[in-house]
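One structure is given below, encoded as structure tokens.
Only heavy atoms go into these numbers, but all of them, side chains included; no hydrogens, no water, no symmetry mates. None of the values given here were measured: they were computed from a predicted structure.
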Amino acid sequence: MSAHHDAGGLPAHEEIHIGEKSGWRKLPLVFGVIGLAGLGLGFATKGEHGADFYFAYLVSLMFWLALGLGGLFFVIIQHGTRAGWSIVVRRLAENAMMTLPALAVLAIPVVFLGAHDLFHWTHVDDPAVANDVMLQAKAGYLNEGSFRVRAIIYMVVWSGLALMYWGWSTKQDKARDPIPLTHKMRWAAPLSIMAFALSLTFGAFDWLMSLDPHWFSTIFGVYYFAGCVSFIHAFLALVVILLHRSGYLRGVVTPEHFHDLGKMMFAFTVFWAYIAFSQYMLIWYASIPEETHWFSYRGQGSFLTLSLVLVFARFVLPFLGLMSRRIKRNPKTLMFWAIWVMAAEFIDMYWLVQPVHANEKQAFDIHFGITDIATFVGIGGVVLAVFTWATCKNALIPTKDPRLLESINHENF
Amino acid sequence: MAKRPKIFGLLAEYETPADLYKACEKVRDAGYGAWDAHTPFPVHGLEKAMGLRPSLVPWIVCVMGFSGAALGYLLQWWTSVVDYPLVISAKPFNSYPAFVPVIFELGILLGSFGAVFGMFGLNRLPTYYHSVFNSSRFSRASDDRFFISIEARDPKYDPDKTRELLESTNALSVEEVED
């Protein structure tokens with residue numbers, strides 16, 4: 001029990017709706033054009049080296065997928081825990097989650113077109129695979145048919161959950177009695193979170209871990225999940241700060257919410273380190289060849305530098321940087337760390353994917369060329385076009401949420 | 001002749017958190033140092049109305065946490081490198097990845113000791129006697145009333161002027177409390 005003072009009221013219509021003449025309304029088209037141009041350029045550079053293209057494409061896809069999945073997780077978990085503080089930023093997370101149907105289409109090149117270039121275990125006629133005891137033992141799971149069926153299931157589950165929650169939430173904005181919809185969303189949350197957890201875990205197994213089919217780590221899904229959750233909190237902080245600059249959500253999303261978003265960024269920075277270190281230490285300590293080689297080629301050539309950069313960029317520096325209360329409550333410093341955390345997530349995806357390709361080629365130098373940039377901008381453009389479209393389409397906050405005022409007046413101790 | 005009892009200070013009683021909040025702002029602006037507010041539940045923003053500086057607890061936790069981590073490393077380094085070196089699964093003596101769990105746990109342990117005992121220390125707990133309980137009204141501070149106490153040891157304290165200040169707020173009662 002507690003009491004509030006200087007309580008703010010509900011915001012005016014123009015504070016929580018993107019204006020007709022706002023620059024934000026041009027963004028879906030701008031991002032859409034940039035995205036399609038980027039994808040076009042990326043495919044154009046594909047040429048003979050299909051693998052180079054698909055590995056670069058997979059890095060970008062998994063990076064932007066982390067945003068969509070992070071948004072979906074954020075929405076479900078806030079309903080499931082009946083959280084009050086997050087209601088003012090929940091609509092933006094819902095918009096982020098709405099990129100999942102677009103990402104389902106963008107995943108087609110990985111699942112259907114490029115699987116042969118990406119995944120060594122698909123080469124069933126290659127004697128290196130056919131005579132490999134371990135791969136033969138895993139063939140019941142790692143075969144192209146079930147791989148594609150699973151991919152479709154993941155995409156249906158993610159897009160379905162996103163559309164379901166999006167539908168309920170936007171319907172609530174216009175509902176005469178909003179309370180049953182809040183109950184419905186809360187009721188669905190525990191089942192949704194289970195479907196989410198299983199699909200994300202196996203999705204990470206299929207698309208990232210099976211790049212090196214001999215290697216396995218049962219915690220790998222959680223590793224990818226840690227990145228998703230860091231990403232969405234950083235992204236929400238960044239978007240809100242940009243919206244504040246355009247004059248929206250002022251007095252609705254306050255330093256108290258920035259503080260909470262910063263705390264979650266900090267928490268999942270530590271969580272990532274915890275998971276990544278647990279995975280590393282067990283493998284290092286047991287020292288079993290089929291496990292350690294995954295780390296050993298990440299220590300070859302310039303990938304050793306990248307591995308060390310990852311440790312500092314993903315954990316050490318944001319851990320120290322996000323510790324202070326003042327930094328989390330100041331939009332400028334929070335924006336710096338939000339961009340930092342997102343950049344670190346990209347480094348992480350690059351570090352998970354590209355060393356496998358380098359190991360296949362036995363050329364351990366980091367390259368970041370036109371294909372990498374084009375696929376990053378391409379997928380990102382499409383994703384952000386969907387995000388900004390959704391942001392312009394509805395109110396910036398769930399206007400009829402029964403506990404909206406509680407969220408606006410939320411305070412940390 | 002009975003000795004005149006020593007005075008602890010003045011105690012003002014309020015009916016609502018809002019009255020208390022406004023009264024706290026007045027007392028703060030009057031420049032008092034040795035005073036406190038007593039509420040049955042947390043009132044958000046009261047620390048601003050009282051002009052309290054941020055707590056020192058985070059700094060205590062920070063120092064204790066990093067000391068704990070350093071101690072955890074020192075302990076393992078000394079036992080496994082200096083005092084009793086043993087080769088374990090062909091790892092070097094100073095196998096710092098294997099030390100991390102203990103480093104982490106000791107950092108957490110000493111950090112949480114810092115948080116709990118630092119908080120106790122800063123709150124001067126345990127306190128076995130406090131003069132505000134000499135007022136019979138004060139028992140409602142844990143139920144439905146809100147109080148401000150201003151102590152006589154405050155250099156700005158003046159029995160009449162301080163009483164005037166408290167009576168100028170929306171207080172239900174202002175009474176002198178014995179030490």
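Around atom NZ of B/Lys91, more than 12 heavy atoms belonging to other residues, nucleotides or ligands sit under 6.0 Å away. Within 6.0 Å of the CZ atom in B/Phe113, the count of heavy atoms belonging to other residues, nucleotides or ligands does not exceed 12. Shown here is A/Phe336, whose CZ atom has more than 12 heavy atoms of other residues, nucleotides or ligands within 6.0 Å. The neighbour count for B/Tyr84 OH, taken as heavy atoms of other residues, nucleotides or ligands under 6.0 Å away, does not exceed 12.
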Requested in this report: Show your working on side chain to side chain contact (heavy atoms under 4.5 Å, CB included) between B/Ser95 and A/Tyr285 and close with a plain yes or no.
Outcome: CA-CA 10 Å; B/Ser95 287; A/Tyr285 209 96; over 6 Å; no

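Nearest heavy-atom pair, A/Met323 versus B/Phe66, reported as atom, atom and distance to 0.1 Å: CE-CZ, 4.3 Å. A/Met281 approaches B/Pro97 most closely through the heavy-atom pair SD-O, 3.3 Å.
Heavy-atom distances place the side chain of A/Ser287, and not its backbone, under 4.5 Å from chain B. For chain A, the nearby part of B/Ile88 is the side chain; its heavy atoms alone come within less than 4.5 Å. Proximity to chain A (any heavy atom under 4.5 Å) is shown, for B/Lys22, by neither the backbone nor the side chain.
With values rounded to the nearest 0.5 angstrom, A/Tyr274 atom OH is found 6.5 Å from B/Phe104 atom CZ. The distance from the NE2 atom of B/His44 to the NE2 atom of A/His410 is 8.5 Å, given to the nearest 0.5 Å.
Here the side chains of B/Val100 and A/Tyr280 are not in contact, with every heavy-atom distance at 4.5 Å or above.
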